[in-house]
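Take a look at the structure set out below.
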Amino acid sequence: MDLFESSLAEGVELLHGFALRDETTLLDDLKFIIAQTPLRHMVTPGGFTMSVAMANCGKLGWISDRKGYRYDVLDPGTGKPWQAMPASFLTLASQAANEAGFANFVPDACLINQYKPAARMTLHQDKNEQDFSQPIVSVSLGVPAIFLFGGFERSDKTMKIPLKHGDVVVWGGKWRLRFHGIQPVKSSYHPAFGDCRINLTFRQAG
Ligand code: MD3
Ligand code: FE
């Protein structure tokens with residue numbers, strides 16, 4: 001058994017430090033994308049401003065406003081298409097998916113979530129993608145956070161999973177539609193990210 005890799009459930013694989021294999025390229029590419037695509041606090045359909053600041057790259061980007069949650073080919077902030085997904089992002093996501101048994105994962109969307117201290121993501125399901133048989137690959141960078149992994153109902157009890165810099169999780173199979181969230185991020189320091197946590201989620205959305 002590979003201690004570097006642990007199965008949390010069938011179709012869910014935690015790959016500790018998997019994003020550090022080509023860390024310099026990954027961080028350089030991320031810096032470029034964020035410089036081109038300002039991180040913004042979007043508004044939920046219910047009218048709340050999210051504590052997480054977001055950007056996207058790839059053909060499709062996940063957006064939220066008073067009209068709802070959806071994917072769009074245009075960045076509502078700039079009115080232009082999103083930046084192309086860097087090769088380092090695509091390679092990381094498809095290699096991670098492959099480790100978890102998903103051989104042909106080609107993401108067309110990468111959501112970039114930035115958490116400052118106290119930012120959180122309340123329990124939700126990811127249901128805006130077309131094909132739920134495709135996994136979601138998540139990459140944690142910067143300061144650590146506690147991930148909440150729930151059930152099929154919002155009220156189901158949750159499992160707490162600490163995620164740290166470089167951890168990659170592949171979420172597939174029947175777990176794909178479970179409720180999940182991020183606890184308020186505690187104030188701490190990471191040499192490359194300061195007090196921020198950044199999470200990349202790769203999806204085949206369209
Ligand atoms: C489990 N992001 O962007 S990533 C999201 O850390 C989101 O920013 C969190 O939830 C973050 O939608 C968690 C891990 C994740 C993403 C999608 C999932 C876990 C998932 C979908 C189904 C089950
Ligand atoms: Fe989610």
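Below, each value reflects all heavy atoms present in this structure, side chains not excepted, and no hydrogens, waters or symmetry copies. Ligands are counted one by one from 1 in listed order, and the atoms in each one are counted from 1 as well. FYI, the numbering just counts along the sequence from 1.
- The name of the N, O or S atom in H180 nearest to the Fe ion (ligand 2) is NE2.
- For the pair W62 and ligand 1, no heavy-atom separation below 4.0 Å is found.
- Using modelled atom types, one finds no donor on one side chain facing an acceptor on the other under 3.5 Å when comparing D28 with T25.
- Judged by distance alone, the side chains of D29 and S88 do bring a donor and an acceptor atom under 3.5 Å apart.
- Across all non-hydrogen atoms, the minimal contact from L123 to F179 is C-CD2, 4.0 Å.
- Residue-to-ligand polar distances keep W171 apart from ligand 1: every N/O pair is separated by 3.5 Å or more.
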**Message:** As a quick check of understanding, evaluate side-chain contact (heavy atoms from CB on, under 4.5 Å) for L20 and H165, giving each step before the final call.
**Reply:** CA-CA 8 Å; L20 306 179; H165 181 71; 3.6 Å; yes
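- When each atom of ligand 1 is checked for a heavy atom of S138 under 4.0 Å away, the hits are 4 (S), 14 (C).
- Among all non-hydrogen protein atoms, the one lying nearest atom 22 (C) of ligand 1 is R176 O, 2.9 Å.
- Residue contact check for ligand 1: Q125 places no non-hydrogen atom closer than 4.0 Å to it.
- For atom 17 (C) of ligand 1, the nearest non-hydrogen atom from the set D126, L111, N199, V139 comes from D126.
- The N, O or S atom of H124 lying closest to the Fe ion (ligand 2) is NE2.
- Taking the ring centre of Y115 as origin, the terminal cationic atom of R197 falls inside the region bounded by 6.0 Å and 45° from the ring axis.
- Heavy-atom proximity to W175, at under 4.0 Å, picks out these atoms of ligand 1: 22 (C), 23 (C).
- When you scan the N, O or S atoms of D126 for the one nearest the Fe ion (ligand 2), you land on OD1.
- If you check each of Y115, F132, F147 against atom 13 (C) of ligand 1, the one with the closest non-hydrogen atom is F147.
- Looking at R178 next to ligand 1, no N or O pair under 3.5 Å apart turns up.
- A side-chain donor-acceptor contact under 3.5 Å links E129 and Y71.
- Annotation: atom 5 (C) of ligand 1 to nearest protein heavy atom, R203 NH2, 3.3 Å.
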**Message:** Walk me through whether M54 and L111 qualify under side-chain contact (heavy atoms from CB on, under 4.5 Å).
**Reply:** CA-CA 7 Å; M54 296 175 170; L111 173 61; 4.1 Å; yes
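- A salt bridge is defined here as a Lys NZ or Arg NE, NH1 or NH2 lying under 4.0 Å from an Asp or Glu carboxylate O, and D108 with R203 fails to meet this definition.
- Nearest to atom 21 (C) of ligand 1 among the protein's heavy atoms is H180 CE1, 3.3 Å.
- In terms of protein heavy-atom proximity, atom 3 (O) of ligand 1 is closest to N113 ND2, 3.0 Å.
- Look at R70 and D65 and you find a salt bridge, because one of the NZ, NE, NH1 or NH2 atoms lies within 4.0 Å of a carboxylate O, short of that distance.
- Comment: D195 does not engage K186 in a salt bridge, judged by the lack of any side-chain N to carboxylate O separation of less than 4.0 angstrom.
- Residues F152 and W175 place their aromatic rings such that the two centres sit no closer than 6.0 Å.
- Heavy atoms of V169 stay at 4.0 angstrom or farther from ligand 1.
- Between atom 6 (O) of ligand 1 and the options Q114, M121, R197, the minimum heavy-atom separation is to R197.
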